[in-house]
Each structure stands twice: as structure tokens, then as C-alpha cells.
Amino acid sequence: ETGVTQSPTHLIKTRGQQVTLRCSSQSGHNTVSWYQQALGQGPQFIFQYYREEENGRGNFPPRFSGLQFPNYSSELNVNALELDDSALYLCASSFGQARDTEAFFGQGTRLTVV
Amino acid sequence: GIQVEQSPPDLILQEGANSTLRCNFSDSVNNLQWFHQNPWGQLINLFYIPSGTKQNGRLSATTVATERYSLLYISSSQTTDSGVYFCAVYTNAGKSTFGDGTTLTVKP
């Protein structure tokens, strides 16, 4: 059984660019949630995908978007990057919606916007 | 939205001491989890505990959902227990909220 894996582990982008982060859910899981964690803070919920549909969204602008694929892996896309988007991005997977079952996290992608 | 408050924000202990971390939340929740974030940023699951009490070795947790709080107990602390501890709550609306964490430092 494989755990949650994220790629890449680190990347550096320039303000205004677009970025795509990837998450492979744990075997048997059908839900992926994405979080942004700024330095010194707790993770902030971006959105959740359940069976390929967005199912819950936090207070993030529309330039944060996502996809979930038939194999339940997921992408987080951020357009028009801003300096404040620099953060650790975490994804979590669960079987069923995270409100009902235990969620497991990947190791994160550290994004730096310069 | 729901508010999650963790206390204390920082805790310094000598190895072997016991500690209690608290998580208060402002509304009803479906689910609550405790995590330990390692120095590399990964969140390690400690407890999935929407209600009741669970124990795992030196760690135990209690959630009293009706009174909107959860406690994480660490007994006989070790230096490897150092790090940031988060609680996260999950509501029926499909959203989750983390507290700001408790930073634990265990000194040898």
C-alpha cells in the first residue's frame, strides 16, 4: 500500500507565472484535499475533491483551481503567482469525504515565488 | 466559519515530563484529528478522534464534542516528541480548519 505522494518537493517560480502541483492519493482513497501552509501558521484549507468533483472550498481566490482524475490523483493549479503564494502546499487523501474518515497527508511541495 | 484555538502556543519541557495540549473549537464538528508535523513539514497522524478517548503508547487523546474541546496527553516526553502539534476539525460543510499549533520543545 503506497502512501500519499506529492511532486515536486520544491520549486521556485517568478511572480505572475503559473504552477501545477501534483498529488497521488493513497491506494484505495477517493478524496483529495489541498492546503496552504505559510511559515509559522497552521495549514489553510484550499479545497477538496471527492469522486472528481470539487466538494468544499476555503477562502481562496479563483486563481487557485484543481482537478481530480479517474484514478483519484489530483492537481492544484495556481495562476498569476504572487509573492504571498510562497508556502508549503500539502495534500491529504481519505476514503470518503474527510469530514467522515481519517485523512493522511503527503510530504508537501515547498513553493517559493520570487 | 469555525474557529480553532490551540493552547499553549509554546511549551518547553524536560525529558521525562508530562504535558497536556488543548484544542478548543467554536462549533459542532464531524471529525477531529491530531497531527505532529516533523521538521521536514510532513503531518504525521496521531489520532482520529471525533469523540471519546484513545491511547497509543505514551500518547492519548480525549475529545468531548458536546463541550467543543479535545486534549492531547504526552507522558514521559522524549526529545523526539519535539515539533509542532496541530489539531484539525472537519465540519459537515465539507471544510476543514486547523489550529495554529503548539510548538513543543523537549530538552534532554
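In what follows, chains are A, B, ... by sequence order, proteins preceding strands, each numbered from 1.
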**Complete:** Closest non-hydrogen contact found for Y35(A) with S96(B) is OH-OG, 2.6 Å
**Message:** Test of understanding: clusters of I, L, V, M, F, W, Y form through side-chain heavy atoms closer than 4.5 Å, transitively. Do V4(B) and L71(B) belong to the same one?
**Reply:** no
**Asked** What option among A92(A), G106(A), G58(A), G40(A) has the most heavy-atom pairs under 4.5 Å with chain B?
**Response** G106(A)
**Request:** Compare every heavy atom of T101(A) with every heavy atom of Q33(B), then report the nearest pair and how far apart it is.
**Result:** OE1-O, 4.1 Å
**Message:** Would a single hydrophobic cluster contain both F47(B) and Y69(B), if residues Ile, Leu, Val, Met, Phe, Trp and Tyr are joined by side-chain heavy-atom contacts under 4.5 Å?
**Reply:** no
**Message:** Quick check: is L83(A) connected to F60(A) through a chain of hydrophobic side chains (ILVMFWY, heavy atoms under 4.5 Å apart)?
**Reply:** yes
**Message:** Quick check on the hydrophobic clustering: are F35(B) and F45(A) connected, directly or via other members, by side-chain heavy-atom contacts under 4.5 Å?
**Reply:** yes
**Asked** Between the main-chain N or O of E102(A) and the side-chain N or O of N31(B), is there a donor-acceptor pair closer than 3.5 Å?
**Response** no
**chain A contact via Q6(B) - side chain, backbone, both or neither, heavy atoms under 4.5 Å** = neither
**Complete:** Bottom line for Q37(A): the part with an atom under 4.5 Å from chain B's heavy atoms is side chain
**Prompt:** If you count heavy-atom pairs under 4.5 Å with chain B, which of G56(A), P43(A), G108(A) comes out on top?
**Reply:** P43(A)
**Asked** In terms of heavy-atom contacts, does CG of N71(A) have more than 12 from other residues, nucleotides or ligands at under 6.0 Å?
**Response** yes
**Message:** Using the rule side chain to side chain contact (heavy atoms under 4.5 Å, CB included), only one of I44(B), L43(B), N45(B) pairs with F104(A); which is it?
**Reply:** N45(B)
**Item:** Greater than 12 external heavy atoms within 6.0 Å of R58(B)'s CZ
**Value:** yes
**Shortest non-hydrogen contact from G42(A) toward D100(B)** = N-OD1, 3.9 Å
**Message:** Could you see if L104(B) belongs to whatever hydrophobic cluster contains L72(B)? Use Ile, Leu, Val, Met, Phe, Trp, Tyr and a side-chain cutoff under 4.5 Å.
**Reply:** yes
**Request:** Look up atom OG in S33(A) and atom OH in Y90(B), then write down how far apart they are to the nearest 0.5 Å.
**Result:** 7.0 Å
